[in-house]
Structures are given as C-alpha cells and as structure tokens.
Amino acid sequence: MGANGFIPEDLADAEDWRAQLRNSIRDVEALKARFPGLPDPEGIARAAARFPFSVTPYYASLVEKPSFDDPIFRMSVPSPEELDDPPFLLEDPIGENRHMVAPGLVHRYPDRAMLISTSFCAVYCRHCTRKRITGAKRGAISEARLDEAAAYLKAHPEVKDVLVSGGDPLLLPTPLLERIVRKIREVPSVEVIRICTRAPVTLPMRIDDELLAMLRRHGPIWMNTHFNHPRELTPRAVAAAGAVVDAGIPLCNQSVLLRGVNDDPLVMEELVRGLLRARIKPYYLFQCDLVRGIEHFRTPISKGLEIMEHLRGRVSGLAIPCYAFDVPGGEGKVPLLPEYIVSKSETHTVLRTWRGLFFDHPEPRPAGAAPEAPAGTSWNDDFCARAITDRRTSDRDFGEWLEEIPEV
Ligand code: SF4
C-alpha cells in the first residue's frame, strides 16, 4: 500500500475509479487474502450475510492493522456485533419511507427534499443509516421514477433545496448523474442542489474533470461529504476535496459520532482542523441514528456534549460542527448543545464561557424605561464600572497600534 494512502501499489490502475470498484473486496476470502490474520472470519461472514460489504483497494490501504480497534477497519468490515439487535433499533430510523412522496423522493422539511438516487456505494459504511437500502443491489433511479419525482417538485414550489443522496450518487456514471441533476435543475423553483457523497473519502479518484465540468454546468451545487476520522484525510482525499472547491462547489462535512472511531475530543479536534485545512466546512456531527446493526457504534449523548465542550474556544467557530440527533419517525434534527446560559431574568442573563468563567450580560432596557434605573435593581453596578474602565482602556490604546493608510 502507499504509505500515505495515495496509491495502493498492488493495483496497476489505482487512479482509475472503475478499476478501484472492479477490484473491491466483497467477500471473506478476499478479506483474508488482503488482511492475513483477519480476526473472526466466521463472525464476519455471519454479519456480511445480513449486511453486505464492499471495500475499495484505496480505502483498504488506509487500514493500519486488521482489527476492529482500527477505525478504518471498524467502519468498513462487517463485525459480528452488527447482529446485536435491541428492539429500539429500526430499519428506517428517520422515517424516510413514511415521508416518501414520490419514488425515491423524501420530503420531511418544508423547503427541502431528498432524492435517493442509487443503492450503490464504494464502501458500505458499517454505521450507515440506510443499511436497509445500500449494498443489497446496484440500482439507480429509473427515468420514469425520476419524472415522477420532478413532477412532485414542480407541484411544490416551496421546495428550494434538493439533496441528491443514496447510496452514493457519485458512484453513478457521470452521464447518468447528469440526467438526474438536469432533471432537478429543470424545476424552476429549485434554487440549490446538494450532492451527498462519501466518494472523496473512500474513492477520491472519482473526482475527475468530467464530473466537475458536469457539476459546474448545473450550479449552484453544494457537496456534502462524510469524513469521520483524521486518517481519512489523506493527501489523495485532500487533493480531491481541493478540486471540488476549485470547481466552485462548496464542500461541507457530516461526521457521525462513532464509538471506537472518533468518540474522543482530541481525535475530533484533529479531524475538524484537518477538514478546515482541506477547505471543507465541518457542518454536522450526528449522534448515531437508531438503526439496526449499529448498536456497537452508539455513544451516550454526554460523550458528544463533552466533545462539543472541548472544541468550543479551542478551535475556530468555523471548524465547529452542529451536533445533532435526527429524531426517529422523521420529525427532524434536534441540535444538541452544552449549556452556556446559567440563569436568566428580565434584566440579566448569566453566561458561562468556554473557560468556565461567568459573565453577566445586561439585557437592554425596555423602551420607555427611565435612563437611570435605580442602583441595585435592574443594573449591576460592578458590571457598569468594569465596562466603563474597559471602554477607556480601549479608547487610549486605539491610536497606538494603527498606522495611517496612504492615499490611494
Ligand atoms: S456512503 Fe453513505 S449511503 Fe453509502 S454506506 Fe456509507 S453512509 Fe451509507
């Protein structure tokens, strides 16, 4: 394998994404050949019989040791733990079937809809929310069904934003993906198209000139991708992300909080810093959906809050994703936030900073209130005194570090 996950040396045409797919590992015998010392092949086979798998040679090259302790291996190789099936886990945890308004088209929020365009992915992520769809068959939405979806969108001009998802839409041949994108673009009320893909992570060579030229023709297009661990940010993946951004396609990242992969504040900090360097905006950090087959990946919500606490103040706000849980039944995402408001009253709100200090925020005086409120009632005298001192300090320093701008 390439030392940095750039090109696996055992695959002659590693830069050809179709060759990557042709040479993907899809059964236990191929896994054993690729990873001598494979742990529990019988257990892997049992899990694979329930939930299929596929791993590109590129993604397999990122595995450092064939063990479920290795985050790349853990996310891509079936584990017997997937057969743990507590009753609160669901086939369709976020109610997509219930909100399917045309074949493949899910409409859960007023202004957004999502099109499930294919069931095909380069790597079948073991934590996938759509395990019920992905991997079973390599299918794409037919032209007739696409017409039905487009007809729904035309009849619902409130939908401004369409996510093309799957499976992974970038696994479709470019002309087939263009047929989908063009059909959506023909709906006058659709303003933005978003492509949801893990190809930059698992098959970065898929980001080729033909694809980018096609996407540019149908903008504005955004791309959501799915990096979960800093080791996925290889030079090859970063180059693919850079090509997307250079083509004028903003790139955002949706991670899933996964036990044994990224449930560590330092790992998550490294991930979001790496994403920002690669010009990818960390967008969401999802609490695991309640989907069958992923109990071993789930973490308590307190773990996600601990990670968010860690990130705030330590990394730029630009690098901080929104931590959220998609409520079962399709009722939407709930943002999950550490508590920063300590107390509230009509006159003051007490805030906690990321360092754990408290700050007393004076609320604006109601319209028509007396300019000088009685001391000790609605205004905090200490706070006012400190604010006046800070203001004077600021006034004094202002001229000392500014240079005059030359005439232009
Ligand atoms: S690429 Fe996306 S749709 Fe495909 S298996 Fe992974 S998470 Fe699921």
Side-chain angles (χ1 to χ4, degrees), residues 17 20-21 24-26 47-48 50-56 58-60 62 71-79 82 89-94 96-97 100 104 106 114-141 163-172 177 180 194-207 211 222-229 232 237 240-241 244 251-259 261-262 271 280 283-294 296-298 321 324 326 333:
W17 65 275
Q20 287 277 343
L21 295 178
S24 287
I25 304 166
R26 293 201 186 86
R50 171 82 176 86
F51 300 112
F53 77 102
S54 182
V55 190
T56 57
Y58 165 80
Y59 199 67
L62 309 189
I72 306 295
F73 190 89
R74 187 171 172 79
M75 282 188 280
S76 54
V77 174
S79 158
E82 291 177 40
L89 298 184
L90 308 166
E91 287 287 318
D92 175 17
I94 52 177
E96 291 175 336
N97 290 345
M100 199 166 282
V106 179
M114 183 198 63
L115 184 73
I116 299 177
S117 60
T118 175
S119 55
F120 190 21
C121 302
V123 170
Y124 292 109
C125 312
R126 307 324 300 167
H127 54 276
C128 180
T129 292
R130 298 201 188 104
K131 276 179 119 144
R132 71 188 189 282
I133 297 172
T134 54
K137 161 174 155 191
R138 291 192 194 192
I141 188 163
L163 286 85
V164 182
S165 189
D168 194 328
L170 291 201
L171 269 287
L172 299 173
L177 179 60
I180 294 170
R194 285 190 276 170
I195 308 279
C196 301
T197 176
R198 195 149 145 82
V201 186
T202 55
L203 188 67
M205 45 296 294
R206 174 61 183 103
I207 309 297
L211 173 74
W222 289 60
M223 195 177 276
N224 287 348
T225 189
H226 179 172
F227 288 89
N228 287 325
H229 192 275
E232 295 177 327
V244 171
L251 195 47
C252 298
N253 190 66
Q254 306 187 157
S255 297
V256 183
L257 182 56
L258 300 169
R259 191 190 334 157
V261 174
N262 57 17
L271 175 65
I280 307 169
Y283 173 38
Y284 272 116
L285 170 62
F286 284 118
Q287 177 68 11
C288 262
D289 288 328
L290 298 177
V291 61
R292 291 176 80 178
I294 66 163
H296 59 301
F297 280 118
R298 296 198 326 113
D326 221 326
K333 298 177 189 72

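A quick note: this is a predicted structure, and the numbers were derived from the prediction, not measured. In listed order, ligands and their atoms are each counted from 1.
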Side chains of His226 and Val256 in contact at under 4.5 Å (non-hydrogen atoms): yes

query: By number and element, which atoms of ligand 1 are closer than 4.0 Å to a non-hydrogen atom of Gly167?
result: 3 (S)

task: Please confirm if an N, O or S atom belonging to Cys128, backbone or side chain, lies less than 2.8 Å from atom 4 (Fe) of ligand 1.
output: no

Donor + acceptor pair across side chains of Tyr59, Gln20 (<3.5 Å): no

- request: Give the residue and atom name of whichever protein heavy atom lies nearest to atom 4 (Fe) of ligand 1, and the separation in Å to one decimal.
  value: Cys121 SG, 2.3 Å

query: Looking only at heavy atoms of Val123, does any of them come nearer than 4.0 Å to an atom of ligand 1?
result: yes

- prompt: Below 4.5 Å, heavy atoms only, C-beta onward: do Arg198 and Asn228 meet side chain to side chain?
  reply: yes

message: Need the ligand 1 atom indices (1-based, order shown) with element for anything under 4.0 Å from a heavy-atom of Arg198.
response: 1 (S)

query: Side chain or backbone of Cys125 under 4.0 Å from ligand 1, or both, or neither, by non-hydrogen atoms?
result: both

query: Per the salt bridge (charged side-chain N to carboxylate O under 4.0 Å, His left out) rule, which among Arg74, Lys131, Arg292 passes with Glu82?
result: Lys131

query: Between Thr225 and Asn253, is any side-chain donor less than 3.5 angstrom from a side-chain acceptor?
result: no

- line: Between Cys196 and Pro169, the two heavy atoms sitting closest are O-CD, 3.0 Å

query: For atom 2 (Fe) of ligand 1, is the nearest protein heavy atom closer than 4.0 Å?
result: no

